[in-house]
2 protein chains.
Amino acid sequence: MTGPPHVRRPATLASLAAELGVSRTTVSNAYNRPDQLSAPLREKVLEAARRLGYPGPDPVARSLRTRRAGAVGLLLTEALSYAFRDPVATGFLEGLALACEQAGQGLLLVPVSPEHADVAAVHQAGVDGFVVYSVSEDDPHFRAVLERPVPTVVCDQPVGVEGVDRVSVDDREGMRALGRHLTSLGHRRIGVLCMRLGPHRYDGRADIPRQEASSYPVQRERLGGVRDAFAEAGVDWSTVPVYERYDHSPEAGATAAAELLAAHPEVTALVCTSDVLAIGALQHAAEARIEVPGRLTITGFDGVPEAERVGLTTVRQPVRRKGQVAGELLLERGERNRPTLIVLPTELVVRDTSGPAVPVERFFSGW
Amino acid sequence: MTGPPHVRRPATLASLAAELGVSRTTVSNAYNRPDQLSAPLREKVLEAARRLGYPGPDPVARSLRTRRAGAVGLLLTEALSYAFRDPVATGFLEGLALACEQAGQGLLLVPVSPEHADVAAVHQAGVDGFVVYSVSEDDPHFRAVLERPVPTVVCDQPVGVEGVDRVSVDDREGMRALGRHLTSLGHRRIGVLCMRLGPHRYDGRADIPRQEASSYPVQRERLGGVRDAFAEAGVDWSTVPVYERYDHSPEAGATAAAELLAAHPEVTALVCTSDVLAIGALQHAAEARIEVPGRLTITGFDGVPEAERVGLTTVRQPVRRKGQVAGELLLERGERNRPTLIVLPTELVVRDTSGPAVPVERFFSGW
DNA sequence: CTGAAAGCGCTAACAA
DNA sequence: TTGTTAGCGCTTTCAG
């Protein structure tokens, strides 16, 4: 008779008030300001609510009135579900979730499929602010976020957006340190594996114009860091093969490594701009019986747990902290009126996949 | 002079309409029903919006009016950030996120700290429904969810809640199969490591009353499955030591294993109710130089990626699928009026950590 | 301590 | 194709 339970709003604050013969204010106060009415009256209201199945003030109506939704929105470039597969994103989310739960705010994951560019989801999100995680400079969703009259914090990229706070890490310096580590080991002929450089699917070699035109500042910076370090050692960057992959997965890393090494067998080190790619490269090396680090040095970037397990030499960035800081920046924004930029440090972690360069000739016949 | 950008709502639909000398309906239609007005007029409206900095219809106001928030809420027992550390939860979230993004719905992570039981967050969530992931039967947040007049899908537990859909896996049958695998290998003296059985922190041995009174049906079922299988082999359950841990982490698994083995050195197999605990047990075995599976068999439950890497014998459950089904159940709920129960199958995966039982005596002197 | 009045910003009939 | 009329359910001054 009454239909399925938990599905209708049987009573409203107004109807409850009418039923009890009190004003709506009183009912509202019973929920929001217990100190504004007598305990017995409050109990009476709550009891009636229970009896009539009144579930308490409607959150949406309250949000409209109070102009606060009690949630922060998160925008990612990739499909939403990707965030739970990528270890870096997962770490970031953990930190962000921590900041949110400490502030008692919800975290709304905004559904964006890279396919149907459904900007509507951004307009539809009932949130008090946005955290934007590592999206491309020309992302339409990001532009939609900027149109919303709520504060925004960008993580990593895009850079240089007016009026928004940003938190990132020192990608360039991290890669510089790594590059110097490699040059000090004698490496001069290297290859680089990097992540997506542009919005459209492309897998293959990326020439310098493409590198410099990338709409992903993080990749630009990481590549730039390697370039800096090798320039110091006198290596001409135009001789360094850089291979790009659209997908960010170990498989992509493995195929990229295979492709690069086939075209450039003289390479003594493979610098990857992420651990995930590096782990794939490592898998390829294992399958192809390439000795690491004896014959080939392989390095990553990020410092994910898996990298530690496999002993990958990498650059660690404080991913979780980055998420937490992003959340705090958004939630604790007092009366700052100038946008803030926070850059967290990175740290070179030398483990077992990097070693002295051995010229490839050494591996031929018995010199 | 104009204050920080992206922070105020400078114009409303009404003010825009007034400015243009058209009705609010027309402006609303320009956004929501492009086919309900002429293209030029629509363009004129949109242009004016741009000029006046009107960011489009306010999502909260629209939600109030349309009675739909465009998001589903997720309730977890643990602190929000925990979800990103636990591999099972992460898999579940991936599936759920997939379902949400396909339906264009947001996913709101409701902030619940187990500490300050802040049920308010549940009341505050502007969502069209809830997915409840594996919470205790007496969770106050869960009760708050049930009070909300929106559909709810429970995943795993609690069981037997009237009027809500549920999706789970066949925990009991999975553990039964695993138990039979062990008895067929000759194991008769086993120990069990299980997850939290009650709401309060407790680490130690769990006797049968405690096991049966647990407010976590999933643990009850998994323990029950082991019990079933060993009963078939004539093993008296009261002789089986069951050790419980409040935290769900490898460390907890390691200390529990140490504790159990110290008290019960006769044990030939350690059955863990989760892979995470089993991985910890494995670590303990490695440190204590206990040969696996030679001296000790160790098994898990879940089938997380890490379990595969270390060759753990376990029971695989379709975690991601579970999340996806939960989401679909909530979102595609047509005119079902009876609650649905979906039970997904589990699968025994025998790998390298289970082997024949060898009586512990064999390990003393040279018989 | 309680009540009356005034919207928050929007959409959905229904008419014109 | 456009406008008019009614709220969605709530909170919040401000008086009593």
Side-chain angles (χ1 to χ4, degrees), chain A residues 8-45 48-49 52-70 120 123-128 147-150, chain B residues 8-45 48-49 52-70 120 123-128 147-150:
Chain A
R8 270 211 316 255
R9 171 161 278 272
T12 70
L13 185 146
S15 73
L16 221 193
E19 177 80 17
L20 279 166
V22 301
S23 83
R24 311 205 307 278
T25 309
T26 301
V27 178
S28 176
N29 282 340
Y31 284 95
N32 304 317
R33 312 233 164 129
D35 53 312
Q36 294 296 293
L37 72 178
S38 67
L41 178 53
R42 179 173 135 91
E43 197 34 64
K44 193 171 127 197
V45 171
L52 272 67
Y54 176 63
D58 179 284
V60 174
R62 165 189 277 162
S63 283
L64 176 58
R65 185 58 237 237
T66 60
R67 306 270 60 202
R68 38 192 12 287
H123 292 305
Q124 195 189 214
V127 297
D128 301 323
E147 283 163 11
R148 295 275 309 259
V150 295
Chain B
R8 270 213 317 256
R9 171 161 279 270
T12 71
L13 185 146
S15 73
L16 221 192
E19 176 79 17
L20 279 165
V22 301
S23 82
R24 294 171 4 244
T25 309
T26 300
V27 178
S28 176
N29 283 339
Y31 285 94
N32 304 318
R33 312 236 164 128
D35 53 313
Q36 294 296 293
L37 73 177
S38 67
L41 178 54
R42 178 173 137 92
E43 196 36 64
K44 194 170 126 196
V45 171
L52 272 67
Y54 175 65
D58 179 285
V60 174
R62 164 190 277 161
S63 283
L64 176 58
R65 185 60 237 234
T66 60
R67 308 270 58 202
R68 38 192 13 288
H123 292 303
Q124 194 189 217
V127 297
D128 302 322
E147 284 162 9
R148 295 275 311 259
V150 295

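A note on names: the letters A, B, ... follow the listed sequences, proteins ahead of strands, and every chain is numbered from 1.
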Expressed in angstrom and rounded to an integer, what is the separation of B:D35 atom CG from D:dT2 atom P? 12 Å

Report the distance from atom CD of A:Q36 to atom P of C:dG3, rounded to the nearest whole Å. 13 Å

Residues forming a salt bridge (Lys or Arg N to Asp or Glu O under 4.0 Å) with B:E43, sequence neighbours excluded: B:R50

C:dG9 phosphate, OP1 or OP2, under 4.0 Å from B:Y31 side-chain N/O: no

Might you point out which heavy atoms bring B:R148 and B:H123 nearest each other, and give the distance in Å? NH1-O, 3.5 Å

Value rounded to 0.5 Å, distance of CG in A:L20 from CG in A:L41: 8.0 Å

With the criterion being N/O to N/O and under 3.5 Å, what pairs connect the protein with nucleotides 14-16 of chain D, and how long is each?
none

Quick one: on DNA chain D, does B:R65 or B:S38 contact a more 5' nucleotide (nearest heavy atom)? B:S38

Whole-Å distance separating the CG atom of B:D58 from the P atom of C:dC8: 12 Å

Residues in residues 19-29 of chain B with a heavy atom under 4.0 Å of DNA chain D, by number, are B:G21, B:V22, B:S23, B:R24, B:T25, B:T26

side-chain contact (heavy atoms from CB on, under 4.5 Å) against A:A69, all qualifying residues, sequence neighbours excluded: A:S63, A:D128

Do B:V22 and B:V27 come close enough that some side-chain heavy atom pair is under 4.5 Å? yes

Phosphate oxygens OP1/OP2 of C:dC1: is one of them under 4.0 Å from a side-chain N or O of A:R42? no

Is there any side-chain hydrogen bond (donor to acceptor under 3.5 Å, both in side chains) pair reaching into residues 14-25 of chain A, and which pairs are they, with sequence neighbours excluded? A:S23-A:T26

In whole angstrom, what separates B:R68's CZ from C:dT11's P? 13 Å

Minimal non-hydrogen separation, A:Y31 against A:A49, with atom names: OH-CB, 3.2 Å

Side-chain contact test, heavy atoms from C-beta onward, threshold under 4.5 Å: evaluate it for A:R67 versus B:D58 and give yes or no. yes

D:dG9 OP1/OP2 closer than 4.0 Å to side-chain N/O of B:R67: yes

Could you tell me the separation between the CG atom of A:L13 and the P atom of D:dC8, rounded to a whole number of Å? 13 Å

Just how far, in rounded Å, is P of C:dT11 from CZ of B:R33? 9 Å

Measuring from atom OG of A:S28 to atom CZ of A:R62, what distance do you get when rounded to the nearest 0.5 angstrom? 7.5 Å

Which is more 5' along DNA chain D, the nucleotide nearest B:L64 or the one nearest A:N32? Just name the residue. B:L64

